[in-house]
There are 2 protein chains.
Amino acid sequence: MDDTDRALLTLLQDDAGQAYAALGKAVGLSTAAAHERVRKLRERGVVRRTTVEVDPRSLGLGVLAFVMVESSAWMGDSAEAFAAIPEIEEAHIIAGSASVLVKVRTATTEQLQDVLRRLYAIDGVSGTQATVALETFFERPPSPTS
Amino acid sequence: MDDTDRALLTLLQDDAGQAYAALGKAVGLSTAAAHERVRKLRERGVVRRTTVEVDPRSLGLGVLAFVMVESSAWMGDSAEAFAAIPEIEEAHIIAGSASVLVKVRTATTEQLQDVLRRLYAIDGVSGTQATVALETFFERPPSPTS
DNA sequence: TGTGAAATATTGATCGG
DNA sequence: CCGATCAATATTTCACA
């Protein structure tokens with residue numbers, strides 16, 4: 001993981017479909033070398049997968065909320081219960097008063113309410129505190145150069 | 001945006017590198033038809049870009065935190081100020097007591113503290129409340145089928 | 001590890017029906 | 001939307017530094 005790898009990652013984050021020749025030229029390597037670098041980055045798991053970034057609004061998902069989930073029990077083994085709710089994009093165990101922080105996207109606030117209902121149905125969940133996002137400034141991938 | 005489009009999006013989210021022939025077969029279309037569908041999804045902006053998913057830990061970014069940023073002024077025009085901090089992955093204006101919610105990834109808690117310092121330097125910011133993630137259950141793209 | 005080059009296989013991209 | 005075509009690219013391989 002040197003600076004060249006980080007540069008390649010940044011380029012791939014911007015456009016994963018570009019030719020290896022272009023990648024190589026941008027970082028000062030030959031096509032074959034760039035290819036080999038990227039192959040190893042995938043092999044090591046640094047690059048998890050190539051995916052597409054989908055506009056949530058185009059899917060009708062206009063409501064974004066972060067929900068602090070309070071619990072009365074250890075939540076460390078509840079990953080599947082949260083993953084079973086498709087509207088949840090992220091779930092993290094957090095330090096502090098709440099136990100789990102989830103990121104939720106729905107079409108309407110009624111559907112958000114329904115997600116809260118399903119959260120309450122998870123074993124150990126004792127409360128929720130939802131915060132609705134009014135506007136998203138930006139959402140971007142982690143910066144390899146920080 | 002019918003069910004076929006949503007199916008294509010799900011397939012592309014899982015692997016954007018697969019051949020159009022495979023995509024077409026999976027949804028019951030010819031190669032050319034699948035190609036055309038995806039082209040239009042890009043054209044419409046439903047698919048923003050093809051990118052790679054990078055493992056944050058491989059970049060040395062082992063600390064994840066969500067920071068509630070309180071302010072004493074209107075923050076609606078401060079997108080660039082937040083974007084100028086590379087450790088910030090997301091920034092949203094939120095309803096509630098705080099004004100902005102940001103997602104931050106750093107290598108160490110010291111660097112997280114430094115991000116907080118830079119947040120305070122933004123005009124109008126009057127306070128921060130950071131919540132550190134102890135474990136990430138999952139992070140996944142928005143589900144086209146919800 | 002990297003370079004340059006060459007070969008093949010696969011795929012992206014386009015067009016007529 | 002389909003089938004077929006053609007150009008571009010990925011992928012693999014090689015000898016060599």
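Just so you know, these numbers use all the heavy atoms, side chains as well, and skip hydrogens, waters and symmetry mates. Computed from a predicted model, the values in this text were never measured in an experiment.
- The side chain of B/Arg37 approaches D/dC1 more closely than any other nucleotide in the set C/dG4, C/dT1, D/dC1.
- Side-chain nitrogen and oxygen atoms of A/Tyr20 include none within less than 4.0 Å of the OP1 or OP2 phosphate oxygen of D/dT9.
- The separation between A/Arg42 atom CZ and D/dT11 atom C1' is 13 Å, rounded to whole Å.
- Nearest-nucleotide positions on DNA chain D place B/Thr31 closer to the 5' end than the other of A/Ala21 and B/Thr31.
- Here D/dT9 presents its P atom at 21 Å from CD of B/Gln18, a figure rounded to the nearest Å.
- Side-chain contact check for B/Leu61 versus B/Val63: every heavy-atom pair is 4.5 Å or farther apart.
- When each of D/dA10, C/dG2, D/dC1 is scored by its nearest atom to the side-chain atoms of A/Ala19, the top-ranked nucleotide is D/dA10.
- Comparing C/dG2, D/dC2, D/dA10 by their closest approach to the side chain of B/Leu29 singles out D/dC2.
- Atom CG of B/Asp2 is separated from atom C1' of D/dC1 by 13 Å (rounded to the nearest Å).
- For B/His35 and C/dA13, the shortest distance from a side-chain N or O to OP1 or OP2 is below 4.0 Å.
- Within the 4.5 Å cutoff, side-chain heavy atoms of A/Asp14 are placed close to those of B/Arg49.
- When distances are taken from the side chain of B/Ala32 to each of D/dC2, C/dT3, D/dA10, the shortest belongs to D/dC2.
- Counting any heavy atom pair closer than 4.0 Å across all strands shown, A/Arg39 reaches no nucleic acid atom.
- As a whole-Å value, the separation of B/Leu23 CG from C/dT10 C1' is 15 Å.
- Between B/Thr128 and B/Tyr120 the shortest heavy-atom distance is N-OH, 3.2 Å.
- More than 12 heavy atoms of other residues, nucleotides or ligands lie within 6.0 Å of CZ in B/Arg44, so this atom counts as buried by the packing criterion.
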Check: When you look at A/Phe66 and B/His92, which way does the ring-ring contact (aromatic ring centres under 6.0 Å, His included) test go after all the steps?
Finding: CA-CA 10 Å; A/Phe66 292 87; B/His92 313 268; 5.3 Å; yes
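- The distance between atom CD of B/Glu36 and atom P of C/dG17, rounded to the nearest whole Å, is 18 Å.
- As rounded to whole Å, 11 Å separates atom P of C/dG12 from atom CG of B/Leu12.
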